[in-house]
> 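Can you read through this structure? Questions will come right after.
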Number of protein chains: 2
Amino acid sequence: MSRKISDSTVRRLSQYLRILEGREKAVGATVSSTELAQDAGTTAAQVRKDLSLFGSFGKRGLGYGAGDLADRLRGILGLEKVWRVALLGAGRIGSALFEYGDFRRRGFDIVAVLDNDPGKVGSRWSGAVEVEDASTLEAVVERESVDVVIVAVPAAAAQSLTERAVAAGARGILNFAPIQLRVPDGVSVQDVNVVTELEALSFDLTHRRRTGAA
Amino acid sequence: MSRKISDSTVRRLSQYLRILEGREKAVGATVSSTELAQDAGTTAAQVRKDLSLFGSFGKRGLGYGAGDLADRLRGILGLEKVWRVALLGAGRIGSALFEYGDFRRRGFDIVAVLDNDPGKVGSRWSGAVEVEDASTLEAVVERESVDVVIVAVPAAAAQSLTERAVAAGARGILNFAPIQLRVPDGVSVQDVNVVTELEALSFDLTHRRRTGAA
DNA sequence: AGGTGTGAACACTTTCACAGCA
DNA sequence: TGCTGTGAAAGTGTTCACACCT
């Protein structure tokens, strides 16, 4: 479909969607680029540019149909499909993510949890998913047709587990380990690193930079 | 000190520091921009440009002194000071963050935890910090000289608690709530939003974009 | 009037390529 | 020789300003 869409644009689209979903959904309600920009902390021109990259679905003089725009955004972001997610690592981060049930509602279904701690393997989470042994990673990825793997293991284990997951068919990685994962072409990685965010904050505070929303 | 340093540069500096800290620290060891780039998944020119924004502390023909560079990076990022952090919200995210003791080691000391659930208030975490009532937020921020507040509460409560924390003296916010916080000038915000990361992954997978490390 | 869609201007970042020092 | 530091070039992302539609 589209060419060169920047990461910042994609993140803003996700944000716009969340804003729309947070609104009262009166049928036929419209929303203008100015309103959206207000809530997203950006400019109206930016909103219009972002959306126009995917077609023109606003009504001049009126704005965008709220429901329609939300649907379009879901389509653009690829959220019509339910993504099958495996959680690698049943530690603190893993369990916090798992218990945050909002993912399911948003189209990310955690279909498997793996860990290498014998004390955790075999326990059943939320009476649903059973923690499986990390040594069976390949089998689980194949059995569950896993699309996305959340890497929530210590740095030392992250690269090799990632490689195994990718070899078994996973195409997306959400990485919580504090290292740069190397993956073959065609596999996407997104990193989440709270220490880096705190250090960015520290830098800002130290150098008295602008208000700086992330 | 410095002028206009981009967010991406700051994030890379944090990454370089983590890479250096992960290495065997032989005394006098040096590291070249090429090596650093390798581990960080960027280019040698990018590394050199990033570092040169803050001075020239490499040795031509040799590279950078590993220990020296790490110290410089800590200085640049403002990590010489220990930041006093208050955790707002003792739920899943809050407790996962708290138990991840690495923060302390990295210069971010969680000196207070607050929540509005009477069932949680009064309990003692890790035998150290006692969960306090969120209604006493201002008093706690002042008493503990809190610099940074981690917002780990539901979206509905995030804005008002942020305002109160800022009014009481907090200058940095690490925001886990899925809304755009509005803060006065001089206050820094960094957002962490796992749903957005997953949606970015979904976009990538749907549109078959490049390998894309985040 | 009100608000979108978009080319063109601008600002910012990354990459290149090479002078210069150890 | 090896690798840094850096201007200049190339490439990206954002903002402006206005034609155009309702």
Side-chain angles (χ1 to χ4, degrees), chain A residues 2-16 19-20 28-66 68-70 72-73 76 180 200 203 209-214, chain B residues 2-16 20 28-66 68-70 72-73 76 200 203 209-214:
Chain A
S2 48
R3 210 43 42 85
K4 308 240 204 156
I5 302 299
S6 77
D7 214 65
S8 2
T9 293
V10 175
R11 286 200 154 66
R12 281 191 300 266
L13 295 177
S14 160
Q15 206 184 351
Y16 303 154
I19 289 166
L20 290 170
T30 63
V31 61
S32 69
S33 56
T34 314
E35 293 173 85
L36 228 34
Q38 195 100 350
D39 287 10
T42 181
T43 67
Q46 181 72 80
V47 172
R48 294 203 300 277
K49 183 66 92 180
D50 285 340
L51 298 178
S52 76
L53 293 170
F54 297 93
S56 55
F57 24 82
K59 293 172 193 53
R60 296 183 194 226
L62 263 178
Y64 303 87
D68 175 53
L69 183 54
R72 301 261 197 166
L73 287 171
I76 292 164
Q180 183 72 16
F203 179 88
R209 288 202 312 169
R210 86 186 65 265
T211 308
Chain B
S2 48
R3 205 49 39 85
K4 307 239 205 158
I5 302 299
S6 77
D7 215 64
S8 3
T9 294
V10 175
R11 286 200 155 67
R12 282 191 299 265
L13 295 177
S14 161
Q15 205 184 351
Y16 303 154
L20 291 170
T30 63
V31 62
S32 70
S33 57
T34 313
E35 294 173 85
L36 227 34
Q38 194 99 349
D39 287 9
T42 182
T43 67
Q46 181 72 80
V47 171
R48 293 201 301 277
K49 185 66 94 179
D50 285 340
L51 298 178
S52 76
L53 293 169
F54 297 92
S56 54
F57 25 82
K59 293 171 190 55
R60 298 181 193 226
L62 263 178
Y64 303 87
D68 175 53
L69 182 55
R72 300 262 196 166
L73 287 171
I76 291 165
F203 179 89
R209 288 203 311 170
R210 89 186 63 262
T211 307

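Values below: all heavy atoms of this structure, side chains included; hydrogens, waters and symmetry mates excluded. So that the names make sense, note that chain A is the first sequence line, chain B the second, and so on, each numbered from 1. Here the structure is a predicted model, which is why all the values come from computation and not from measurement.
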> Can you tell me how far the CD1 atom of B:Ile5 sits from the CG atom of B:Leu53, to the nearest 0.5 Å?
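Reported to 0.5 Å precision, the distance equals 4.5 Å.
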> Let me have a per-nucleotide readout for nucleotides 16-22 of chain C, 5' to 3', with B, S or -, counting only protein heavy atoms under 4.0 Å.
-B-BBBS
> Can you give the donor-acceptor pairs under 3.5 Å from side chains of residues 35-44 of chain B to other protein atoms, not counting sequence neighbours?
unit_1, atom_1, unit_2, atom_2, d
B:Glu35, OE2, B:Ser32, N, 2.9
B:Glu35, OE2, B:Ser32, OG, 3.3
B:Thr43, OG1, B:Gln46, N, 3.1

> My understanding is that only residues two or more places apart in sequence, or in another chain, count here; which of them pass side-chain hydrogen bond (donor to acceptor under 3.5 Å, both in side chains) with A:Tyr16?
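Partners of A:Tyr16 under the side-chain hydrogen bond (donor to acceptor under 3.5 Å, both in side chains) test: A:Asp50.
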> Would you say the side chain of A:Leu69 lies within less than 4.5 Å of the side chain of A:Leu51, judging by non-hydrogen atoms?
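Yes, their side chains come closer than 4.5 Å.
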> Any side-chain N or O of A:Ser33 less than 4.0 Å from the OP1 or OP2 oxygen of C:dT4?
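Checking C:dT4 against A:Ser33, a side-chain N or O does come within under 4.0 Å of OP1 or OP2.
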> Residues two or more places apart in sequence or in another chain: which of them pass side chain to side chain contact (heavy atoms under 4.5 Å, CB included) with B:Ser8?
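B:Ser8 satisfies side chain to side chain contact (heavy atoms under 4.5 Å, CB included) with B:Ser6, B:Arg12 only.
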> Evaluate the side-chain proximity of A:Leu20 to A:Tyr64: yes if any heavy-atom separation is below 4.5 Å, no if none is.
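No, too far: nothing below the 4.5 Å cut-off.
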> Shoot me the first and last contacting nucleotide of DNA chain D against chain A, ordered 5' to 3', at under 4.0 angstrom to non-hydrogen atoms.
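The protein-touched segment is D:dT12 to D:dT22.
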> With sequence neighbours excluded, what pairs up with A:Ser33 under the side-chain hydrogen bond (donor to acceptor under 3.5 Å, both in side chains) test?
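Scan of A:Ser33 (side-chain hydrogen bond (donor to acceptor under 3.5 Å, both in side chains), adjacent residues dropped) gives A:Arg48.
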> To the nearest angstrom, how far is B:Leu51 atom CG from C:dT15 atom P?
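After rounding, the gap between these two atoms is 15 Å.
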> Compare every heavy atom of A:Ile76 with every heavy atom of B:Phe203, then report the nearest pair and how far apart it is.
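Shortest heavy-atom contact: CD1-O, 3.3 Å.
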> Figure out the CG/C1' separation between A:Leu53 and C:dG7, and round it to whole Å.
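Answer to the nearest Å: 13 Å.
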